[in-house]
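Down below is the structure, laid out as structure tokens.
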Amino acid sequence: KTSPAAQAADASEPPSDNPPSEATPSEPAAGDRPAAAAGEEQIDPDALARRGDAFAARHDFEHALADLSKAVELRPEDPEYLYQRALVYRQMGRANLAAADLDKVITLNPDFLRAYLPRSEIRLHEQNIDGAIADLDTMDRLAPKQSDLRFVLAQRYEALDRFSQAIAQY
């Protein structure tokens, strides 16, 4: 049995070259450990999210998804964890799950600017042009006028033949 402090430290370590399933019996992988018993310290969701991001950066999406899903489970009302998981779902080609997480992010925090661009791209891919434009319009309203996002927004408006809105971004 590892101490709660050791569990928290393990959760903040970057991923090794060996996936958790290859851990030795004396050192169970973070995902293989049972949840902390009542009264014990919980695993830090921020550490899980950082480790999930590290897995995603290495294109190890299954392990990234496991860590980010656990972070979401521990803090379901935190839009940042849902957003990170949505990006992993999207990279895995699971647009419907990514869109569901992005919808929840925006429900939890309508000013969460970063969630609108990937959702608009998913909507555009699904031929939901009105939904994509609505997301772009929300980004236009929320983004600072000197933001680098303005260039991306202009490109998306141009792709939708919304030239006056595209020009307004420059």
Quick check: closest heavy atoms across Ser120 and Ala132, and the distance to 0.1 Å? O-CB, 3.5 Å

Rounded to the nearest 0.5 Å, what separation is found between the CD1 atom of Ile133 and the OG1 atom of Thr138? 12.0 Å

Does Tyr81 have any side-chain hydrogen bond (donor to acceptor under 3.5 Å, both in side chains) partners at least two apart in sequence or in another chain, and if so, which? Asp46, Arg75

Using the test salt bridge (charged side-chain N to carboxylate O under 4.0 Å, His left out), find all partners of Arg162 that sit at least two apart in sequence or belong to another chain. none

ring-ring contact (aromatic ring centres under 6.0 Å, His included): which pairs involve residues 125-154, sequence neighbours left out? none

N-O pairing of Arg114 and Glu80 below 4.0 Å: yes

Under 4.5 Å between side-chain heavy atoms, counting indirect links through other Ile/Leu/Val/Met/Phe/Trp/Tyr residues: same cluster for Leu113 and Leu82 or not? no

Would you check if Asp137 and Tyr157 make a side-chain contact, meaning some heavy-atom pair closer than 4.5 Å? yes

Can you list the residues that meet the side-chain contact (heavy atoms from CB on, under 4.5 Å) rule with Gln127, with sequence neighbours excluded? none

Report yes or no: do Tyr116 and Leu108 belong to one cluster of Ile/Leu/Val/Met/Phe/Trp/Tyr joined by side chain heavy-atom distances under 4.5 Å? no

Sequence-distant partners of Ala64, side-chain contact (heavy atoms from CB on, under 4.5 Å), two or more places apart: Phe55, Ala56, Val88

Can you list the other members of the hydrophobic cluster that holds Phe163, where links are side-chain heavy atoms under 4.5 angstrom apart? none

Salt bridge (charged side-chain N to carboxylate O under 4.0 Å, His left out) with Glu62: which residues, sequence neighbours excluded? none

For the atom pair CD1 (Ile106) and CG (Asn109), what is the distance rounded to the nearest 0.5 Å? 9.5 Å

Who are the side-chain hydrogen bond (donor to acceptor under 3.5 Å, both in side chains) partners of Gln169, not counting sequence neighbours? Asp140, Arg150

So, for Ala143 and Leu149, which heavy atoms are closest and what is the spacing to 0.1 Å? CB-CD2, 4.0 Å

Under 4.5 Å between any side-chain heavy atoms of Leu136 and Leu160, yes or no? yes

Close side-chain approach of Leu153 and Leu117, heavy atoms under 4.5 Å: no

Which side-chain N or O atoms in residues 90-99 pair as donor and acceptor under 3.5 Å with protein atoms at least two apart or in another chain?
| unit_1 | atom_1 | unit_2 | atom_2 | d |
| --- | --- | --- | --- | --- |
| Arg90 | NH1 | Glu121 | OE1 | 3.2 |
| Arg90 | NH2 | Glu121 | OE1 | 2.7 |

Val72, Leu48, Asp53 screened by side chain to side chain contact (heavy atoms under 4.5 Å, CB included) with Asp67, the one that passes: Leu48

With a 4.5 Å cut-off on side-chain heavy atoms, are Asp78 and Pro45 touching? no

For Tyr83, check ring pair (Phe, Tyr, Trp, His ring centres under 6.0 Å) against everything at least two apart and list the hits. Phe112

Path from Val105 to Leu142 over hydrophobic side-chain contacts below 4.5 Å: no

Hey, could you give me the CZ/OG distance between Arg85 and Ser69, rounded to the nearest 0.5 Å? 4.5 Å

Interatomic spacing from CD in Gln84 to CG in Leu65 - rounded to 0.5 Å: 12.0 Å

With sequence neighbours excluded, what pairs up with Asp135 under the side-chain hydrogen bond (donor to acceptor under 3.5 Å, both in side chains) test? Arg119, Arg123

